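Keep in mind it's a predicted model, so treat the numbers as computed, not measured. Below, each value reflects all heavy atoms present in this structure, side chains not excepted, and no hydrogens, waters or symmetry copies. Whatever order the structure lists ligands and atoms in, that order sets their numbers, starting from 1.
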Amino acid sequence: MAVASESVPRHIAIVMDGNGRWASKRFLPRIAGHKQGVDVLKRTVRTCVLRGVQVLTVFAFSSENWKRPADEVAGLMEILVVALSRELNQLKQDGVHLQFIGSREGLSDRVQQSLLNAERETAENRTLTLNVCFNYGGRWDLVHAARTLAAAGAEITEASLSAELSTASTGDPDLVVRTGGEMRLSNFLLWQAAYSELYFCDVLWPDFDEGALDRAIQAYAGRERRFGMTSEQLPGAGNTAT
Ligand code: FPP
């Protein structure tokens, strides 16, 4: 069922969970699940453009994912570099602006170059911003922002801290989706998700298709966002057509 454009979230953030389980169920190495996950991400970007979503933020590699087996970590780095070189032209044509969010520390020169190149090549695009959280953690983001303010001797307020977070240019997510059946944030956008609508589904990320995304958007459209107010106080409440 189509959702009216004003009810489509401006900014969707996704924890793309379940790649490993998807692969294990097929007796494949975990990395096969991550590869399938890239294809699903590609299709999700396209669907978001079609639905009028302006920002998509995805959790691709967390600060904690370094603890995974070395071959899986190396595989994820390789998938990122290969996907960027393969998909960059299409992303440019589709008007996608890529931003990588997270610490560059610990990433090889090759990976860093590939991220910088993709950011530079898509910097002028305006149809959709794709924030790829890579070597990212919500706590890292907050500490980094607080340190920047402290070093500048700046006042720490909600506004000044928000402005130093890695997502400052794209704002807070309206909807946070987590696939794969777990119900936690896992250090994703801790500050930014303060008033986000949360949506959890059992679908494993490699199976997350257009219908699954539409169900999440549909669920969002049915929510009432009150930001601490009562229903009656919301703009438009009790208004009668005149
Ligand atoms: C969580 O699933 C997924 C990740 C840690 C990686 C997410 C990466 C992708 C979807 C590929 C896109 C990536 C890039 C580099 C653009 P899991 O492995 O924890 O799954 P499990 O819970 O079933 O084990």
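Side-chain contact annotation: N135 with W66, donor-acceptor N/O pair under 3.5 Å present. Side chain to side chain, S166 and D141 meet the donor-acceptor criterion of an N or O pair below 3.5 Å. Using a 3.5 Å distance cut-off with no hydrogens or angles, the side chains of D174 and S196 do not pair a donor with an acceptor.
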What's the verdict on salt bridge (charged side-chain N to carboxylate O under 4.0 Å, His left out) for E87 and K92, showing C-alpha distance, side-chain angles and the deciding distance? CA-CA 9 Å; E87 303 301 333; K92 279 163 77 173; over 6 Å; no
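Taking the charged nitrogens against the carboxylate oxygens, E210 and R51 do have a contact shorter than 4.0 Å, which makes a salt bridge.
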Between ligand 1 and the protein, which N/O pairs are shorter than 3.5 Å?
| residue | atom | partner | partner atom | Å |
| --- | --- | --- | --- | --- |
| ligand 1 | 2 (O) | D17 | OD1 | 3.3 |
| ligand 1 | 2 (O) | G18 | N | 3.4 |
| ligand 1 | 18 (O) | R30 | NH2 | 2.8 |
| ligand 1 | 18 (O) | R68 | NH1 | 2.9 |
| ligand 1 | 19 (O) | D17 | OD1 | 3.3 |
| ligand 1 | 19 (O) | R68 | NH2 | 2.7 |
| ligand 1 | 20 (O) | G18 | N | 3.3 |
| ligand 1 | 20 (O) | N19 | N | 3.2 |
| ligand 1 | 20 (O) | G20 | N | 3.1 |
| ligand 1 | 22 (O) | D17 | OD1 | 3.0 |
| ligand 1 | 22 (O) | R21 | NE | 3.4 |
| ligand 1 | 22 (O) | R21 | NH2 | 3.1 |
| ligand 1 | 23 (O) | G20 | N | 3.4 |
| ligand 1 | 23 (O) | R21 | N | 2.7 |
| ligand 1 | 23 (O) | R21 | NE | 2.8 |
| ligand 1 | 24 (O) | R30 | NH1 | 3.1 |
| ligand 1 | 24 (O) | R30 | NH2 | 3.1 |

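Both L128 and V3 are members of a single hydrophobic cluster when ILVMFWY side chains are connected at heavy-atom separations under 4.5 Å.
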